[in-house]
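I have placed the structure first, in the form of structure tokens, so that the comments after it can refer back to it.
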Amino acid sequence: MDLKNKKLTEAEFLSIRKEVLSGWVTGKDNELDLTKAVEYLKQVPDHKNFALKLNLAKQNNVTMVQPRAGVPELEEHIKLLQYLEECGADFVPSTIDSYTRQNRYNEAQKGLDESIEKHRALLNGFPVVNHGVKNCKRVFESVNVPIEARHGTPDARLLSEIIHAAGWTSNEGGGISYNIPYAKSVPLEVSIKNWQYVDRLVGYYEERGIRINREPFGPLTGTLVPPCISNTVMIIEALLAAEQGVKNITVGYGMGGNLIQDVAAIKSLYYQTVEYLDKFGYKDMEISTVFHQWMGGFPQDEAEAMALISYSSTVAALSKSTKLISKSPHESIGIPTKEANGLGVKASKFIVNMLRDQVMVDSDCLAHEIRQIRKEVDCLMNVVLEVGEGDLAVGTVLAFKQGLLDIPFAPSKYNAGMVLPARDNEGMIRILEFGNLGFDEEIKEFHKKKILERAKSEQRKVSFQMTVDDVYSVSKGKLIGRP
Amino acid sequence: MDLKNKKLTEAEFLSIRKEVLSGWVTGKDNELDLTKAVEYLKQVPDHKNFALKLNLAKQNNVTMVQPRAGVPELEEHIKLLQYLEECGADFVPSTIDSYTRQNRYNEAQKGLDESIEKHRALLNGFPVVNHGVKNCKRVFESVNVPIEARHGTPDARLLSEIIHAAGWTSNEGGGISYNIPYAKSVPLEVSIKNWQYVDRLVGYYEERGIRINREPFGPLTGTLVPPCISNTVMIIEALLAAEQGVKNITVGYGMGGNLIQDVAAIKSLYYQTVEYLDKFGYKDMEISTVFHQWMGGFPQDEAEAMALISYSSTVAALSKSTKLISKSPHESIGIPTKEANGLGVKASKFIVNMLRDQVMVDSDCLAHEIRQIRKEVDCLMNVVLEVGEGDLAVGTVLAFKQGLLDIPFAPSKYNAGMVLPARDNEGMIRILEFGNLGFDEEIKEFHKKKILERAKSEQRKVSFQMTVDDVYSVSKGKLIGRP
Amino acid sequence: MKTIVIGVIGADVHAVGNKIIEFTLSNAGYHVVNIGVLSSQEDFINAAIETAADLILVSSLYGHGEIDCRGMREKCIEAGIADICLYVGGNIVVGKQDFSEVKTRFLEMGFNRVYPPGTPIDDALKDIREDLGE
Amino acid sequence: MKTIVIGVIGADVHAVGNKIIEFTLSNAGYHVVNIGVLSSQEDFINAAIETAADLILVSSLYGHGEIDCRGMREKCIEAGIADICLYVGGNIVVGKQDFSEVKTRFLEMGFNRVYPPGTPIDDALKDIREDLGE
Ligand code: B12
Ligand code: B12
């Protein structure tokens, strides 16, 4: 493995860059000239800079709202973002279609052409590479808030070049979080390397005084992911990004459903990210948090979906996460119309504004859960570093290979897929089957005890059926999938 | 004053009854024969008995959802209730129109006739007295859940006779709570006496083995009412009802907006109601609580209204109140369509189901706020009992007269109207102007300190402008009306 | 100083907006005569005559506004204040109705200005200034 | 024991439903061949031929189902399994569309059964029993 957690030299970076830009015709645009790009980015006003606006929010202790949204046609996409801005979105996204995510630019082109021809979306997002820098600048210049690219791309190098050169100052993803949940057969060392490049690009701009935000994707598979697992992934990706010169990082978490566990997860995520960055010597880091509204299966009923959106926002506001990613009442059906998407933004904004001056107060329960998550994360981080003999990138690859790190319900064959989660009797997400997960015995005992409590109260055996029931339960209006 | 907190003898009750039944032609129905009524009520199945269903909910620690709803025409009203039941309402209401509330049965009849003729609602509720027992039985027999009458009637004696004889096993209101916020010039001793009658009617049925629920109206004016004031009114009305033989009482509270204060209010309301009933020797009482979703001005935007409804439900669920009264996304505009009302029910049900296994965990903040409310309520209760020289009914009348008890924003001239509330810096409702409110100095100091904290942080003087800003703020999407 | 009679008509007890309106109009420099909630057409008209008011500002929140306001202009005419300015606002009909229709209904009854739900009193100040000629 | 090939078509990585479908169909007594996410039409067809499957159950969640599924019946015919039963379900098109239209589009492509969003696999068990003749 020639992978290493080490900053690419500028020469290395620039030499890979040539190859990257040849990936599709839009890579040849002369706006991708780095001097030009730096110039363009320097003119981005502060209120349209993702990193600066996040810093301000964090300083004021308020939660910013950002939806997900992307349609194939340029003009439609612009209208969509403008509409969401009007609805109160503090940040707008551009969600990228799934062909682009797999670097299948030919298919993306077909989908784009047919979408334009039929004036009906055949792609599930904005095919950013096919659109190229020019169109992306059009998007950027059409709104008054910062833009982030949101995707799920194991190899997002060309994509990242294009969006940043176009003034988009945030990019979601990471070598683990945009591979394991989003791919089947991309080796982890490949995606980590790709994302080292993406981070190095941000580092390049950083060296030239341009602050760009990076956001590892916290929810992973969005399905019953125990906080310790996603927080560990977040910390690893933050460290990998910092090594490449990234300074402004937003670590994420997808709502689990138990209020205490969710607040504990956000709090420990923040504390521990800062702690580890510090421990590894990364200075002047700007860390914020993002809370994702419920990422699993949504209820079909739109009133129920609005309730779930509002409840998710309540948790985000009480946890004082810096950003909140909103969903729409169409979630369980399909890509939302702009109106449906706007409803989600408005409800979310209302809640975070309403709860602006309130926090989740300290309590023994909360403190206990924070301690528990911290302990579990420390345990996993140690295992990763140990197996990597001190190199975090290598450790990550080996830990996944051996199942020491393992993400539930992930499609990737580079993920062991042996961990099975289930809720405990209060609805907190615990682990039912550990596989080879790098937990010590004490932690395992704790999880077993918690799940047993539930099994007893439901008068049934601990089994995979619990996990299955929990996968469905929220969409059916219950947190815990009781028989 | 010949008012006394003393159970009416059966003879007294029956003699007043004659006069009551002569209030409108429907009072002559022979279904109002008490033997017939007892017989009919005995056949009400358990699942349609309000009191029994509440007891079950309390035992299972779940929160039941009930909307507000009422339209003038019988068939439309039935359709409305059936629709709400389908949407998941655990209890259905019948909200009574405003003419009936003021015993203006002639005007109610005009409104009803014109509504039928034009097939468009000209009344804001179901004119229950004009409809009479027969129609009310039709309503009762058309649904599968218990029914409650909800109104705001200082003299609800005839109304109560009619609804109970028709199988409606719950009645909202009380001598204070259905006078001070709902009338201008009805003396308190008159409304208290009227409600002694209403309670005595329930006591009469109780003596014959029929359990009927009574629900004092907790939110009062729905506008920045400090918990200590509404809780005191609730406890007084519970005691007055118990004296007349009522056994099943649901004490209420309208959401204030600060999570901790709201949960503290519900918890202390329950504890202290039980405590006082016990102290005054009322045995075998069944006490439950009801939480009202935000009762002040709603936001116009329907997505925002849905968010507020969902947030209110979250608070109710975490406080584990027995019942939750839901609102609709049309709240700020007008009486909702049945569809809009159903959206509120669905969102509310989703949240209470989702949070079924979660509670607001113990914390110092919560404990402190509970202690504070208890102290304030004890202080007010002592003042009332003192001024009444031991008689609670007399004490209540005198306390209101002297402004020792005083409800903010109430229309009644029998209310001093000198108390002005405002939020503190966390959004808890405190008191800015005390008038003659029966607080001791320590309590006053606490409130002053809290409001001063806010004034300082807003860099302005403490003034009525704060109250005005707070009246508007939630409808504008903020809890605290900051400048 | 111009005089404005305010109150809440019919069997309506919504008192909060009424108190806020009093506060706002007084602050804006008007002489406000507040007859409060549960006021009849006669109460409004008598108060207007007694105080030589320039404007009657009727609130109706509870939904019966349509029934309660009918014939009010005629009563003003009978009482000799035919030309007095009449405003109505609040939630003046039952439910969410098409407001342009509602407005027409009330204009036909002789109201000079008719406001949709959720119009805070501050938004009407401009109209008041205009109509009272300041 | 009847054999069913399951998988998620195209560039789609939604794995949760796929795992649940495997669990449910196996529990219901079928021999399940799960080719997983990111599977092409060819992957489905080859697996069906290799295992002499009775049914191909295609999941598509991410919205590109329409593009991904076109021509699948034709490929089955070419491959010599012209009559194999084809199901498709999940969130098979982009956005909230009128489902009867969507259904027609997929039936015309040669699918035997087409399911709307949110149909849990349990609801399809009856159809499977019927079509596989049990
Ligand atoms: C979790 C989730 C994710 C996870 C998936 C993790 C993983 N690898 O599995 C993550 C976050 C990674 C993700 C990514 C994306 N997602 Co996604 N995701 C969801 C979500 C919220 C839940 C899906 C789920 O797991 N449900 C639980 C399982 C048990 O249910 P299920 O998947 O529906 O499957 C059941 C039924 O559908 C049925 N079924 C399935 N197939 C078949 C076939 C037949 C024949 C039958 C009878 C039944 C059947 O049986 C299954 C078991 O009961 C849905 C929305 C929702 N449903 O609420 C969106 C959703 C499917 N995702 C969507 C999209 C667009 C994406 C992305 C493109 C990006 C984005 N906008 O976020 C990427 C796609 C990446 C890619 N290349 O595929 C859209 C699809 C839109 C559309 N069709 O118009 C949805 C509907 C959300 C939305 N409204 O926008 N997603
Ligand atoms: C608080 C409240 C109550 C309290 C009132 C306490 C009290 N005595 O004041 C209580 C709980 C007692 C109550 C009772 C009832 N209420 Co109520 N109540 C409300 C609520 C939630 C807020 C009203 C409020 O105080 N807002 C804050 C103040 C500052 O705003 P405002 O009242 O709108 O007044 C402002 C503007 O409207 C404007 N304005 C007012 N008048 C005028 C006039 C002019 C010319 C102009 C320019 C402006 C203007 O300026 C004011 C200041 O900015 C509203 C719904 C809402 N708005 O969200 C329902 C609402 C007004 N109530 C309603 C109803 C039906 C009732 C009841 C009949 C029973 C019921 N269904 O609960 C009873 C009526 C009893 C009776 N006889 O009147 C309905 C009316 C329906 C309709 N018109 O179709 C509403 C709209 C709720 C609904 N959607 O069903 N209510």
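Here is how names work: the chains are called A, B, and so on, in the same order as the sequence lines, proteins then strands, and each is numbered from 1.
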task: Using non-hydrogen atoms and a 4.5 Å limit, figure out which bit of D:Tyr62 sits close to chain A: side chain, backbone, both or neither.
output: both

- prompt: Can you name the nearest heavy-atom pair linking A:Ile333 to D:Asn91, along with the distance?
  reply: O-ND2, 2.7 Å

field: Any A:Glu114 side-chain heavy atom under 4.5 Å of D:Glu66 side chain
entry: no

- line: Minimal heavy-atom distance between D:Asp122 and A:Tyr472, with the atoms involved, is OD1-OH, 3.7 Å

message: Which atoms of A:Phe298 are under 4.5 Å from chain D, going by heavy atoms: the side chain, the backbone, both sets, or neither?
response: neither

query: Tell me, side chain or backbone of A:Arg104 under 4.5 Å from chain D's heavy atoms, or both, or neither?
result: side chain

- line: Under 4.5 Å to a heavy atom of chain D? For A:Pro408 that would be neither

- request: Name the member of A:Thr337, A:Val468, A:Val471, A:Val71 that forms the most heavy-atom pairs with chain D at distances under 4.5 Å.
  value: A:Val468

- prompt: In terms of heavy-atom pairs under 4.5 Å, which option from A:Gln102, A:Arg120, A:Lys110, A:Lys413 contacts chain D the most?
  reply: A:Arg120

message: Taking side chain as everything from C-beta outward and backbone as N, CA, C, O, which of these in D:Ile20 sits under 4.5 Å from a heavy atom of chain A? Side chain, backbone, both or neither.
response: side chain

statement: Of all heavy-atom pairs linking A:Leu122 and D:Ile67, the shortest is O-CD1, 3.8 Å

task: Please look at A:Pro336 and chain D and tell me whether the side chain, the backbone, both or neither of the residue comes under 4.5 angstrom of a heavy atom of that chain.
output: neither

task: State whether the side chain of A:Asn124 and the backbone N or O of D:His64 hold a donor-acceptor pair below 3.5 Å, judged by distance alone.
output: no

field: Side chain, backbone, both or neither of D:Lys19 within contact of chain A (heavy atoms, under 4.5 Å)
entry: side chain

query: Are there more than 12 heavy atoms of other residues, nucleotides or ligands under 6.0 Å from atom CG of D:Asp98?
result: yes

message: Counting only heavy atoms not in D:Lys96 (residues, nucleotides, ligands), do more than 12 fall under 6.0 Å from its NZ?
response: yes

query: Between D:Pro116, D:Gly36, D:Gly95, D:Gly63, which has the largest tally of heavy atom pairs under 4.5 Å with chain A?
result: D:Gly95

- prompt: Between the main-chain N or O of D:Val37 and the side-chain N or O of A:Lys184, is there a donor-acceptor pair closer than 3.5 Å?
  reply: yes

- request: Step through the shown structure and confirm whether more than 12 heavy atoms of other residues, nucleotides or ligands are within 6.0 Å of NZ on A:Lys118.
  value: yes

- prompt: Any side-chain heavy atom of A:Thr467 within less than 4.5 Å of one from D:Phe23?
  reply: no

field: Check: A:Gln300 side chain, D:Pro117 main-chain N or O, donor-acceptor pair, under 3.5 Å
entry: yes

- request: Go through the atoms of A:Ala410 and report whether side chain, backbone, both or neither lie under 4.5 Å from a heavy atom of chain D.
  value: backbone

query: In terms of heavy-atom proximity below 4.5 Å to chain D, should A:Ser98 be classed as side chain, backbone, both, or neither?
result: both

